[in-house]
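Have a look at this one.
Lettering of chains follows the sequences in order, A, B, ..., and the numbering in each one begins at 1. Just so you know, these numbers use all the heavy atoms, side chains as well, and skip hydrogens, waters and symmetry mates. If you're wondering where the values come from, they're calculated on a predicted model, not measured in any experiment.
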Amino acid sequence: MLLGSNEWWAEAMKIVNSDETYYQLAKNLNKSYTFKVLAEPENGISENIIMGYKIENGKIVDHWEDERPTDFVIAGPYKVWYQILKGKMGPVKAMTMRKLKVKGPLPEMLKYNKATLRWVELLRTIKTEFHGNYE
Amino acid sequence: MGKISGAEALLKALLMEKVRYIFGIPGGQWIPFLDAIHRLGRKEGLEFIMTRHEQAAAHAADAYSRLTNEVGVCLGTVGPGAVDLVPGVYEAYSENSAILVLTVQVQSWKAYPDTGSTQYCNHKDLFAPITKWNAVVSHWRRIPELVQRAFRSALSGTPAPVHLDIPVDVLFYEGDEDDLQFLQPENYRIMNKPSPSPGDVERAVELIRASENPLIHAGGAVQRSGAFAELKALAERLQAAVTTTVYARGVFPDNHPLSFIPMGYGSISAQSEADLVIDLGARLCAMDMWGREPAWGLPEAQKFIQVDINPESMALNRRVDLAIQSDVGEFLRAVLKRLKEENIRRNKPNERLKQYRDTENVWLEEFIEAGRSDVKPIHPLRPVAEFKNHFSEDAIVVLDGGNSQVWATYLTRINRPFSFLAQSDSGMLGGGLSKAIAAKLTFPNRPVYLLTGDGAFMFNIQEMETVKRFNLQIIVGIMNDRAWGMIKADQPEGRYIGVDFQDVKFAEVAKGFGWYGERISEPSKIKPALDRAVKSGEPALLDILVDPAANLKVPDLETLDAVWLDGVI
Ligand SMILES: Cc1ncc(C[n+]2csc(CCOP(=O)(O)OP(=O)(O)O)c2C)c(N)n1
Ligand SMILES: [Mg+2]
């Protein structure tokens with residue numbers, strides 16, 4: 001499943017929305033997010049990939065591919081997203097090191113840190129295909 | 001007046017500065033000085049505290065300085081003794097501690113450069129990079145003058161170590177006391193602290209007036225200025241969140257509703273969102289996450305007032321909107337006065353702080369839980385919680401170690417100034433016990449405890465003898481995972497190298513030193529053991545076998561790594 005494709009999101013929603021651990025950590029979470037996966041022409045990724053999604057009471061309820069105003073915007077090079085999904089880098093480290101730039105209320109992000117970690121763990125279980133040279 | 005030797009002159013110059021302790025190990029060249037302390041110093045209240053390693057002497061001098069805002073003094077003999085001081089002086093330098101390092105040198109006519117003397121070492125160059133100022137006392141006549149200069153330098157601006165290297169002939173020489181000038185401190189150094197200019201105060205007041213969500217970030221400068229009441233008054237007046245550097249813990253009570261734990265999620269939240277930061281003497285180094293986003297706000301969205309006694313500390317890591325050279329206490333008093341005159345205050349609590357508190361509480365939840373946990377092997381947070389609960393607020397808490405120190409930071413609460421000693425910017429392991437020695441000597445009526453990693457403790461374990469010799473009741477809790485846990489945690493799983501220890505029966509070792517000692521492997525047995533340890537009236541060591549696997553999993557190690565290995569990983 002290609003990262004960010006409808007198929008990929010459907011799988012992400014299925015896994016995340018049925019995970020009890022995630023639900024317990026995120027049941028009070030109501031936020032929308034934009035991920036900007038930045039182009040890397042040298043690695044065969046010519047355009048930015050935009051992914052937006054919304055979490056309501058700990059469940060992913062919607063996702064989209066255009067740029068809409070969201071509570072959080074998280075941006076970084078393709079390589080960083082790849083490393084995170086491959087389990088080579090933690091999301092907290094990526095943000096602390098500013099490999100991922102976060103716009104949005106940090107206190108909320110930190111408050112749901114454990115939920116984020118679980119979320120990433122779950123996404124790592126998807127058989128993700130990557131773009132360009134990252135295949 | 002009569003004759004005075006160099007050794008006596010050195011002693012007299014130190015007594016003029018009301019030095020109480022000199023920590024160190026003598027060598028042959030120091031004998032006239034030690035004898036002067038014996039004959040003349042002790043009756044004036046100066047004690048020589050012999051340690052069992054010079055490194056420990058430097059750590060103790062450092063701790064003494066941090067606990068008193070005075071100059072701590074340590075001493076080593078020519079060559080090996082001087083060289084052994086280095087690690088402790090390095091820490092004092094990194095942590096901005098005012099210490100005076102005294103080394104004795106071979107005869108002046110055989111030194112600089114060397115002609116082959118036993119133990120010769122170029123101390124001047126050796127200490128140059130880890131002191132603010134150092135000098136060779138080239139002649140007996142210069143003793144008082146250079147001691148004064150050393151004190152002036154150590155205490156001016158940002159405090160730091162200073163060093164005097166004294167050739168042995170200078171100590172032995174005898175001359176007329178009339179030829180020397182011993183001055184009282186007020187006759188040779190500035191006793192007042194620099195104040196901000198009225199213009200700076202006005203600009204600060206304007207920034208404060210315009211701010212909706214101010215934050216005060218306090219560094220060690222608050223401790224050095226003693227401006228605890230002023231800090232509290234400003235925070236309460238503005239309903240501002242208060243964060244501190246790791247070093248400065250205690251300058252603002254942890255149990256105050258406006259206080260957030262250093263590097264915790266509450267602090268980071270407040271620091272990231274504040275629209276104004278009033279930085280009291282912190283340079284925003286690595287342990288403050290370099291003062292940049294995401295842990296702090298973007299410069300466009302966050303005004304920054306940096307107050308520092310030393311203009312060279314300004315904007316090292318982050319641009320500032322207002323740079324003020326001032327003692328932080330003088331600054332706080334001047335600003336408070338103007339805020340009162342202008343009737344600027346926030347009357348209701350700052351709503352945002354609730355959210356930061358919430359975030360902090362969520363972050364702390366699992367630590368508090370682990371602190372109560374009965375799992376076996378013992379979770380590293382359990383001893384931290386037990387020690388915290390056992391001792392009063394009056395206790396001086398000393399931390400040392402890798403992951404053990406990180407754990408200890410989570411659940412330790414410091415509500416009073418001059419109550420917390422740890423390494424921060426230096427990252428130096430091993431000074432814990434020596435710092436505890438200085439703490440107990442300086443405050444004999446306050447409980448002193450040390451929580452330490454097993455690795456860190458072993459660096460200066462020999463100081464157990466010093467503790468016993470001076471009969472200091474220090475309570476040590478070793479969080480024993482038989483490993484360099486913090487380093488092991490970062491190694492690829494299963495490919496551990498250079499990080500595992502043999503089992504050491506620390507309680508037996510303690511008994512050998514004449515201490516009270518117990519080994520503990522059950523969580524429920526920590527508390528009763530602590531009771532027995534305190535009741536023993538002796539220095540006491542609890543060797544607490546913590547879960548080696550759990551000790552590898554400090555949740556925030558990732559964040560720390562991100563700071564330490566910035567740009568590399
Ligand atoms: C003098 C010194 N040597 C080496 C290091 C590198 N270092 C940092 S943490 C650490 C492990 C500390 O082990 P321990 O004191 O047992 O605490 P633990 O992490 O196991 O809790 C080491 C070796 C250091 N900081 N200081
Ligand atoms: Mg250890």
Side-chain angles (χ1 to χ4, degrees), chain A residues 21-31 33-36 55 57-58 70-77 79-121 124, chain B residues 213 215 241 260-261 263-274 286 288-298 300-302 351-367 369 490 492-493 553-569:
Chain A
T21 310
Y22 181 73
Y23 178 71
Q24 285 309 324
L25 293 165
K27 60 186 174 206
N28 297 320
L29 179 61
N30 291 288
K31 285 280 177 292
Y33 302 79
T34 302
F35 288 172
K36 286 191 182 175
I55 293 194
N57 300 323
T70 50
D71 297 312
F72 290 97
V73 179
I74 302 169
K79 183 177 171 197
V80 177
W81 298 95
Y82 173 80
Q83 287 175 328
I84 290 173
L85 287 174
K86 280 288 185 186
K88 291 182 181 157
M89 188 186 301
V92 176
K93 194 184 270 184
M95 289 186 243
T96 318
M97 294 174 81
R98 300 189 301 172
K99 291 186 188 257
L100 288 184
K101 295 228 162 110
V102 185
K103 282 202 184 115
L106 194 68
E108 284 289 310
M109 183 68 95
L110 292 172
K111 188 167 162 188
Y112 289 97
N113 184 41
K114 278 175 216 144
T116 307
L117 294 176
R118 178 66 187 160
W119 200 80
V120 170
E121 248 172 55
R124 282 174 182 162
Chain B
N213 185 21
L215 170 120
F260 293 91
I261 295 168
M263 288 191 94
Y265 281 12
S267 280
I268 297 173
S269 295
Q271 287 163 349
S272 72
E273 287 206 334
D288 273 332
M289 303 177 129
W290 301 114
R292 18 171 238 216
E293 90 286 1
W296 295 78
L298 288 165
E300 308 84 271
Q302 186 169 76
E351 286 300 315
R352 297 214 197 185
L353 301 198
K354 273 198 204 134
Q355 202 191 354
Y356 309 153
R357 181 69 58 208
D358 239 30
T359 303
E360 182 174 87
N361 286 341
V362 169
W363 173 71
L364 284 173
E365 234 164 57
E366 66 173 317
F367 304 145
E369 213 172 286
D490 275 344
E493 212 177 320
K553 299 198 182 91
V554 170
D556 294 298
L557 190 57
E558 224 191 23
T559 320
L560 291 171
D561 279 342
V563 172
W564 293 332
L565 297 175
D566 183 36
V568 180
I569 50 172

When rounded to the nearest 0.5 angstrom, what is the spacing between CD1 in A:Ile84 and CZ in A:Arg124? 7.5 Å
side-chain hydrogen bond (donor to acceptor under 3.5 Å, both in side chains) involving B:Trp363 - partner list, sequence neighbours excluded: B:Asp556
B:Phe260: what forms a ring pair (Phe, Tyr, Trp, His ring centres under 6.0 Å) with it, not counting sequence neighbours? none
Judged by modelled atom types alone, do A:Glu108 and B:Gln355 share a side-chain donor-acceptor pair under 3.5 Å? yes
Between A:Glu121 and A:Thr21, is there a side-chain heavy-atom distance shorter than 4.5 Å? no
Sidechain N-carboxylate O distance under 4.0 Å for B:Glu351, B:Lys354: yes
Heavy-atom pairs under 4.5 Å with chain B - which of A:Leu106, A:Val102, A:Leu117 has more of them than the others? A:Leu106
Region of A:Lys101 that comes under 4.5 Å of a non-hydrogen atom in chain B: side chain
Region of B:Arg292 that comes under 4.5 Å of a non-hydrogen atom in chain A: side chain
Does a side-chain heavy-atom distance below 4.5 Å link B:Trp296 with B:Leu215? yes
Where along residues 23-30 of chain A does a heavy atom come under 4.5 Å of chain B, listed by residue number? none
Which atoms of A:Val92 come close to chain B, meaning under 4.5 Å heavy atom to heavy atom: side chain ones, backbone ones, both, or neither? both
If the condition is side-chain hydrogen bond (donor to acceptor under 3.5 Å, both in side chains), which residues does A:Arg98 pass it with, not counting sequence neighbours? B:Glu293
When the 4.5 angstrom heavy-atom criterion is applied to B:Tyr265 and chain A, the contacting part is both
